[in-house]
Amino acid sequence: MGVTVDVHQVYKYPFEQVVASFLRKYPNPMDKNVISVKIMEEKRDESTGIIYRKRIAVCQNVVPEILRKVSILKVPNIQLEEESWLNPRERNMAIRSHCLTWTQYASMKEESVFRESMENPNWTEFIQRGRISITGAGFLNCILETFASTFLRQGAQKGIRIMEMLLKEQCGAPLAE
């Protein structure tokens with residue numbers, strides 16, 4: 001079956017500031033679940049100017065203890081892989097991420113875009129679609145998908161709050177219209 005979560009946010013800051021804050025977002029004290037983020041690969045296409053990055057994030061396992069009675073869920077950390085394509089000329093960045101843990105039982109994928117806002121070229125639009133589907137857990141599939149859906153929604157809202165705080169700290173008040 002699976003669950004999908006869509007997020008849309010406009011940051012009232014220029015694209016370059018938003019992307020810089022996003023790339024420095026984790027780890028930080030506002031979200032203790034993200035333990036580390038490591039750049040695995042980074043390269044620039046000289047002809048297009050597009051910067052490709054692959055990062056691995058290590059996060060604490062947030063599955064509730066009661067569900068960790070199932071042996072496959074009893075791991076201390078979860079790994080996520082994120083790939084991004086930053087196009088400074090066109091002022092957009094596409095991001096794809098997926099979970100590297102539990103791949104035989106679950107699929108977690110997110111696709112995101114940061115781009116110059118149509119409303120105001122000094123603002124940045126963020127669009128994200130996350131999808132989780134659980135298989136192979138029998139009767140637990142629906143329970144785990146419900147938990148995952150709640151976690152994805154809360155995580156997206158927390159990520160937006162963290163970005164807003166980082167932008168305000170690093171760049172000052174948001175830009176007016």
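For reference, positions follow the sequence shown, starting with 1. Side-chain atoms are counted along with the backbone in the values below, which use heavy atoms only and exclude waters and symmetry mates. All values derive from a computational prediction rather than experimental measurement.
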Once rounded to the nearest 0.5 Å, what's the spacing between atom [atom1] of [X] and atom [atom2] of [Y]?
| X | Y | atom1 | atom2 | value |
| --- | --- | --- | --- | --- |
| Asn87 | Ile50 | CG | CD1 | 4.5 Å |
| Asp6 | Glu111 | CG | CD | 11.0 Å |
| Arg96 | Ser84 | CZ | OG | 10.5 Å |
| Glu16 | Cys171 | CD | SG | 11.0 Å |
| Met30 | Met163 | CE | CE | 10.5 Å |
| Ile132 | Ser107 | CD1 | OG | 8.5 Å |

Contacts of type ring-ring contact (aromatic ring centres under 6.0 Å, His included), residue Tyr11, not counting sequence neighbours
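Applying ring-ring contact (aromatic ring centres under 6.0 Å, His included) to Tyr11 gives none.
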
Looking at residues at least two apart in the chain, or sitting in another chain, which of them share a side-chain contact (heavy atoms from CB on, under 4.5 Å) with [X]?
| X | result |
| --- | --- |
| Ile51 | Glu42, Arg44, Arg53, Leu86 |
| Met40 | Lys38, Lys54, Ile56 |
| Ser97 | Glu82, Glu110 |
| Asn122 | Asn120, Leu175 |

Would you mind checking if Lys43 and Glu41 are paired as a salt bridge, meaning a charged N to carboxylate O distance below 4.0 Å?
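A salt bridge is present here (some side-chain N lies under 4.0 Å from a carboxylate O).
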
Any idea which heavy atoms bring [X] and [Y] closest together, and the distance?
| X | Y | result |
| --- | --- | --- |
| Pro88 | Gly49 | CD-O, 3.4 Å |
| Leu100 | Thr103 | O-CG2, 3.5 Å |
| Ser36 | Pro27 | CA-CG, 4.3 Å |

[X]: side chain to side chain donor-acceptor pair (under 3.5 Å) partners, not counting sequence neighbours:
| X | value |
| --- | --- |
| Asn28 | none |
| Thr4 | Arg131 |
| Asp45 | Ser47 |
| Ser21 | Gln170 |

Please, which pairs that meet ring pair (Phe, Tyr, Trp, His ring centres under 6.0 Å) have at least one residue in residues 15-52, sequence neighbours excluded?
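Sorted pair list: Phe22-Phe114, Tyr52-Trp85.
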
Using atom types as modelled and distance alone, determine if a side-chain donor or acceptor of [X] lies under 3.5 Å from a backbone N or O of [Y].
| X | Y | value |
| --- | --- | --- |
| Arg91 | Pro121 | yes |
| Asn61 | Ile78 | no |
| Tyr13 | Gly172 | yes |
| Arg129 | Ser112 | no |

Step by step, work out the side chain to side chain contact (heavy atoms under 4.5 Å, CB included) result for Glu119 and Val10.
CA-CA 9 Å; Glu119 285 180 66; Val10 174; 4.1 Å; yes

Cluster check [X], [Y]: I/L/V/M/F/W/Y, side chain < 4.5 angstrom:
| X | Y | result |
| --- | --- | --- |
| Val34 | Val75 | no |
| Met93 | Phe126 | yes |
| Ile134 | Met108 | yes |
| Leu23 | Ile162 | no |

Are Cys59 and Leu80 side-chain neighbours, meaning at least one heavy-atom pair lies under 4.5 Å?
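In contact.
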
Heavy-atom check, side chain of Leu167 versus side chain of Val18, under 4.5 Å:
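Yes, their side chains come closer than 4.5 Å.
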
With a cut-off of 3.5 Å and sequence neighbours excluded, list every side-chain donor-acceptor pair involving residues 146-160.
residue : atom : partner : partner atom : Å
Thr146  : OG1  : Cys142  : O            : 2.9
Ser149  : OG   : Arg153  : NH2          : 3.3
Thr150  : OG1  : Thr146  : O            : 3.1

I would like to know whether Glu116 and Glu90 meet side chain to side chain contact (heavy atoms under 4.5 Å, CB included); could you show each step before the answer?
CA-CA 9 Å; Glu116 183 179 292; Glu90 294 186 11; over 6 Å; no

What residues, two or more places apart in sequence or in another chain, satisfy salt bridge (charged side-chain N to carboxylate O under 4.0 Å, His left out) together with Arg115?
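Partners of Arg115 under the salt bridge (charged side-chain N to carboxylate O under 4.0 Å, His left out) test: Glu125.
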
